[in-house]
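Encoded as structure tokens, the structure appears first; notes follow it.
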2 protein chains.
Amino acid sequence: MNIVSTLDRLHAGLRRIAPRHEISLIAASTLARLERSGPQRLSDLHDPEGVSQPAMTQLITRLERDGLATRGSDPADGRAVRVAVTDAGRAAVARRRGAHAEGVARAFRQLSAEERAIILTAVPALDRLSELLRTPD
Amino acid sequence: MNIVSTLDRLHAGLRRIAPRHEISLIAASTLARLERSGPQRLSDLHDPEGVSQPAMTQLITRLERDGLATRGSDPADGRAVRVAVTDAGRAAVARRRGAHAEGVARAFRQLSAEERAIILTAVPALDRLSELLRTPD
DNA sequence: TGGATTACATAAGCACGTGATATGACTTCC
DNA sequence: GGAAGTCATATCACGTGCTTATGTAATCCA
């Protein structure tokens, strides 16, 4: 399948876009989820984000240290931790999105109008593919 | 730009495909380059792979330890190191490609024929995009 | 020949991931 | 209602992969 190499190359390219001074993909993805769906328990975060529970604990520890998220207690369950995004967290997500958009836009501008159109046409299908990649059926 | 979120989601999805017991993207990419272009000096590897020289030194050290690559000396330059891929390295690349292909194929099968067609049509444009992402003009 | 440059290695440190295990809180069941 | 089990989270030990700063040779050149 030729598509495999294409996705690998895309993966490598996207890794390179990652602006060194912005938050990571996993950090942004988790904060965006908290922004979108409100405070979540740790155990409700690690699975959708596709990482182990210890990995999520550690990520939240880093986010908390950097003031991007907070740990709160769940009144209904003493074991649980309610994670929430802070204003600084929301700002960090927006900043990353902006930096990322700039990197993509720079590459995009160098494509032909036709190439751009083809890619934009494929966006819904690519989104579906991403979702399917996420769920190991 | 909607495309930014799409690429982020794709990036996250591709990260999740990565089979736990196969070599990493950077290892595979470097070994594939050695396979494609023959033995290379360390300094000729780190830049195209988009990592620092120490990162490449460390990668080659791990690859050498695992028997996937070898360090040889350059008769013409006593400072240089000639890195070559071994048969085991070639096998590891092939194995990873296979595992990766399987993951992609599984997702692909769940797409509609139309979605598949749209994505395949976009492959050349996506390759161009990947290449442009790689070069920070 | 001796100082600058080049190629690579080393060191210290951080992000991110894993599996195994500890700890404390809820639940269940006799 | 208390022992036993389960659940949520944390901690530990470890590995990869990345960075910047710096060390150490070998080569180049004025």
Side-chain angles (χ1 to χ4, degrees), chain A residues 11-12 14-31 39-84 89 92 96 136, chain B residues 11-12 14-31 39-84 89 92 96 136:
Chain A
H11 191 175
L14 289 171
R15 253 173 34 108
R16 222 159 296 189
I17 281 287
R20 203 67 247 158
H21 304 294
E22 303 294 340
I23 59 178
S24 69
L25 177 59
I26 180 67
S29 173
T30 302
L31 290 175
Q40 305 274 318
R41 298 166 62 139
L42 237 155
S43 51
D44 294 334
L45 283 173
H46 86 258
D47 205 76
E49 291 296 336
V51 299
S52 65
Q53 173 264 312
M56 185 52 66
T57 288
Q58 292 162 20
L59 171 61
I60 300 302
T61 298
R62 288 190 301 272
L63 293 178
E64 198 178 20
R65 181 202 59 197
D66 297 341
L68 307 182
T70 58
R71 271 189 173 88
S73 52
D74 185 334
D77 189 337
R79 298 166 298 179
V81 159
R82 282 180 76 75
V83 183
R96 178 186 189 277
Chain B
H11 190 174
L14 289 170
R15 252 173 35 108
R16 223 159 296 191
I17 283 287
R20 200 69 246 156
H21 304 294
E22 304 294 341
I23 59 178
S24 70
L25 176 59
I26 180 69
S29 173
T30 301
L31 289 175
Q40 305 274 317
R41 298 167 60 139
L42 235 153
S43 50
D44 293 334
L45 284 172
H46 86 258
D47 205 74
E49 291 296 336
V51 300
S52 66
Q53 172 264 311
M56 184 52 67
T57 288
Q58 292 160 19
L59 171 61
I60 299 303
T61 299
R62 287 191 300 272
L63 293 178
E64 199 177 19
R65 180 202 59 197
D66 297 341
L68 307 182
T70 57
R71 271 188 173 89
S73 52
D74 185 335
D77 190 336
R79 298 166 299 179
V81 160
R82 283 180 74 76
V83 184
R96 179 186 189 278

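We use all heavy atoms of the structure for the numbers below, so side chains are in, but hydrogens, waters and symmetry mates are not. Chain letters run A, B, ... following the sequence lines, proteins first and then strands; every chain starts at 1.
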If only side-chain N and O atoms of [X] are considered, is one of them under 4.0 Å from the OP1 or OP2 phosphate oxygen of [N]?
{"X": "B:R41", "N": "C:dA7", "value": "yes"}
{"X": "A:R62", "N": "C:dC16", "value": "yes"}
{"X": "B:R20", "N": "C:dT18", "value": "no"}
{"X": "B:R71", "N": "C:dC8", "value": "no"}
{"X": "B:S52", "N": "D:dT19", "value": "yes"}

Base, sugar-phosphate alone, or nothing: which one does [X] contact when heavy atoms must sit under 4.0 Å apart?
{"X": "B:S43", "answer": "sugar-phosphate"}
{"X": "B:A55", "answer": "base"}
{"X": "B:T61", "answer": "nothing"}
{"X": "B:R65", "answer": "sugar-phosphate"}

The residue, A:D44 or B:D66, whose nearest nucleotide of DNA chain D is more 5′ is A:D44
Closest non-hydrogen atoms of B:A69 and B:L31, given as atom of the first, atom of the second and distance, are CB-CD2, 4.2 Å
Where B:R82 and B:S73 come nearest, the two heavy atoms and their spacing: CD-O, 4.1 Å
Relative to the 5' end of DNA chain C, which residue comes earlier, A:D77 or B:T57, by the nucleotide with the nearest heavy atom? B:T57
Closest to the 5' end of DNA chain C, once A:G78 and A:P54 are matched to their nearest nucleotides, is A:P54
Nearest whole angstrom, please: distance from the [atom2] of [N] to the [atom1] of [X].
{"X": "A:H11", "N": "D:dG17", "atom1": "NE2", "atom2": "P", "answer": "12 Å"}
{"X": "A:I17", "N": "D:dC18", "atom1": "CD1", "atom2": "C1'", "answer": "18 Å"}
{"X": "B:L45", "N": "C:dC8", "atom1": "CG", "atom2": "C1'", "answer": "13 Å"}
{"X": "B:Q40", "N": "C:dC8", "atom1": "CD", "atom2": "P", "answer": "11 Å"}
{"X": "A:L63", "N": "D:dA10", "atom1": "CG", "atom2": "P", "answer": "13 Å"}
{"X": "A:R15", "N": "D:dT19", "atom1": "CZ", "atom2": "P", "answer": "9 Å"}
{"X": "A:M56", "N": "D:dC7", "atom1": "CE", "atom2": "C1'", "answer": "18 Å"}
{"X": "A:D74", "N": "D:dC7", "atom1": "CG", "atom2": "C1'", "answer": "13 Å"}

For the side chain of [X] and the backbone of [Y], is there at least one donor-acceptor N/O pair under 3.5 Å apart?
{"X": "B:R79", "Y": "B:D74", "result": "no"}
{"X": "A:R96", "Y": "A:I23", "result": "yes"}
{"X": "A:R71", "Y": "A:V81", "result": "no"}
{"X": "A:R16", "Y": "B:E49", "result": "yes"}

Nearest to the side chain of [X], which nucleotide is it out of [options]?
{"X": "A:A80", "options": "D:dG17, C:dC16, D:dA8", "answer": "D:dA8"}
{"X": "B:Q58", "options": "C:dC16, D:dA8, D:dC18", "answer": "D:dC18"}
{"X": "B:V81", "options": "C:dG17, D:dC12, C:dA9", "answer": "C:dA9"}
{"X": "B:R79", "options": "D:dA10, C:dC16, D:dA25", "answer": "D:dA25"}

Counting distance alone, no hydrogens or angles: does the base of C:dA9 have a donor or acceptor under 3.5 Å from a partner atom on the side chain of B:Q53? yes
